[in-house]
Amino acid sequence: MARSLSLLLLLVACFLVAGATAARPAPSTSGAAAISSFVRSWCAGTKYPALCDATLAPYSAAVGASPAKLAWAALTVTLSAARNATSAVRSIAARSSSSHLPPVAAEAAGDCASELGDGVDALRRCVDAMARVAVGEESSSTAAAARRKVRFEVDNVRTWASAALTDDNMCMEGFKGEAAGGGGAREAVRGHIMGLLHLTANALGILNAMAKQI
């Protein structure tokens, strides 16, 4: 696992390229992608390693041996899933009258969509920050201040990712009052949320492992 000095100085470019478009890794579009040993080794430390392998394998070539790019890829996958889940839950809430959902389920679906929206905002900040950090890996500096900036940025991203995970979990809490057979809203929402919860947990695991290297 790479432990280069550049990992400690990732944030230099974050402050130099503010407002510029960060070069971001893209997934392979050539069919099934082989997962690299680097990605597999980091995924092994996550809560759901098989899911991590499957979702990040397409990014193996773009990630190379960069922890920041790997974290960016994990957050990008999670953000996409969060957007899809938010759209789906909003549709469930919007159809509450026509689908005859009980009031408690309709209210829970609306609250869940709002919480997921907050999670999307947090994940968007994570993705943007890690994209800039990845650019900073190619910069060089020996200033101690740069190290503090790296830690500050990564800690921020971890906080935002944790907030997104909390929002995802809170989404399901609102359905505890739904009676059995109450329109099936809980299970419908659960189907969209569980995968998102797992992806968020994996991204946070990668971020926590990265933070230990700084």
What distance do [X] atom [atom1] and [Y] atom [atom2] have between them, rounded to the nearest 0.5 Å?
| X | Y | atom1 | atom2 | result |
| --- | --- | --- | --- | --- |
| Asp118 | Asp167 | CG | CG | 5.0 Å |
| Ser60 | Arg40 | OG | CZ | 8.5 Å |
| Leu56 | Trp42 | CG | CH2 | 12.0 Å |
| Thr86 | Leu123 | OG1 | CG | 9.0 Å |
| Ile206 | Cys43 | CD1 | SG | 5.0 Å |
| Leu70 | Met130 | CG | CE | 9.0 Å |

State, yes or no, whether a side-chain contact exists between Val157 and Met210 at a heavy-atom distance under 4.5 Å.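 No; the side chains remain at least 4.5 Å from each other.
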
*asked:* salt bridge (charged side-chain N to carboxylate O under 4.0 Å, His left out) for Arg124 and Asp121? Distances and angles first, verdict last.
replied: CA-CA 5 Å; Arg124 186 185 300 112; Asp121 289 340; 2.9 Å; yes

Q | Salt-bridge present (Asp155, Arg158; N to O < 4.0 Å) | A |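 Looking at Asp155 and Arg158, the cut-off is met.
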
Residue pair [X] / [Y]: nearest heavy atoms and the distance that separates them:
| X | Y | result |
| --- | --- | --- |
| Leu196 | Ala85 | CD2-CB, 4.1 Å |
| Leu207 | Val154 | O-CG1, 4.5 Å |
| Pro67 | Gln213 | CG-OE1, 4.2 Å |
| His192 | Ala188 | CD2-O, 3.1 Å |
| Ala129 | Trp160 | CB-CZ3, 4.1 Å |
| Ala134 | Ala68 | CA-CB, 3.9 Å |

I'd like a table of donor-acceptor pairs (distance under 3.5 Å, sequence neighbours excluded) in which one partner is a side-chain atom from residues 106-116, with atom names and distances.
from, atom 1, to, atom 2, distance (Å)
Glu115, OE1, Cys171, N, 3.2

ILVMFWY network linking Met194 to Met170, side-chain heavy atoms under 4.5 angstrom: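 The answer is no; the residues belong to distinct hydrophobic clusters.
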
Using the side chain to side chain contact (heavy atoms under 4.5 Å, CB included) definition, which of the options Leu165, Thr46, Leu199 pairs with Leu204?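 The single option meeting the side chain to side chain contact (heavy atoms under 4.5 Å, CB included) with Leu204 is Leu165.
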
Describe, in one word, how the ring planes of His198 and Tyr48 are oriented to each other, choosing from parallel (under 30°), tilted (30 to 60°) and perpendicular (over 60°).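 Rings of His198 and Tyr48: parallel, under 30°.
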
Q. Is a side-chain N or O of Ser87 found less than 3.5 angstrom from the main chain of Asn84, in a donor-acceptor match?
A.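 Not a single qualifying donor-acceptor pair exists.
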
*Any donor-acceptor pair under 3.5 Å linking the side chain of Ser41 with the backbone of Phe38?*
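Yes.
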
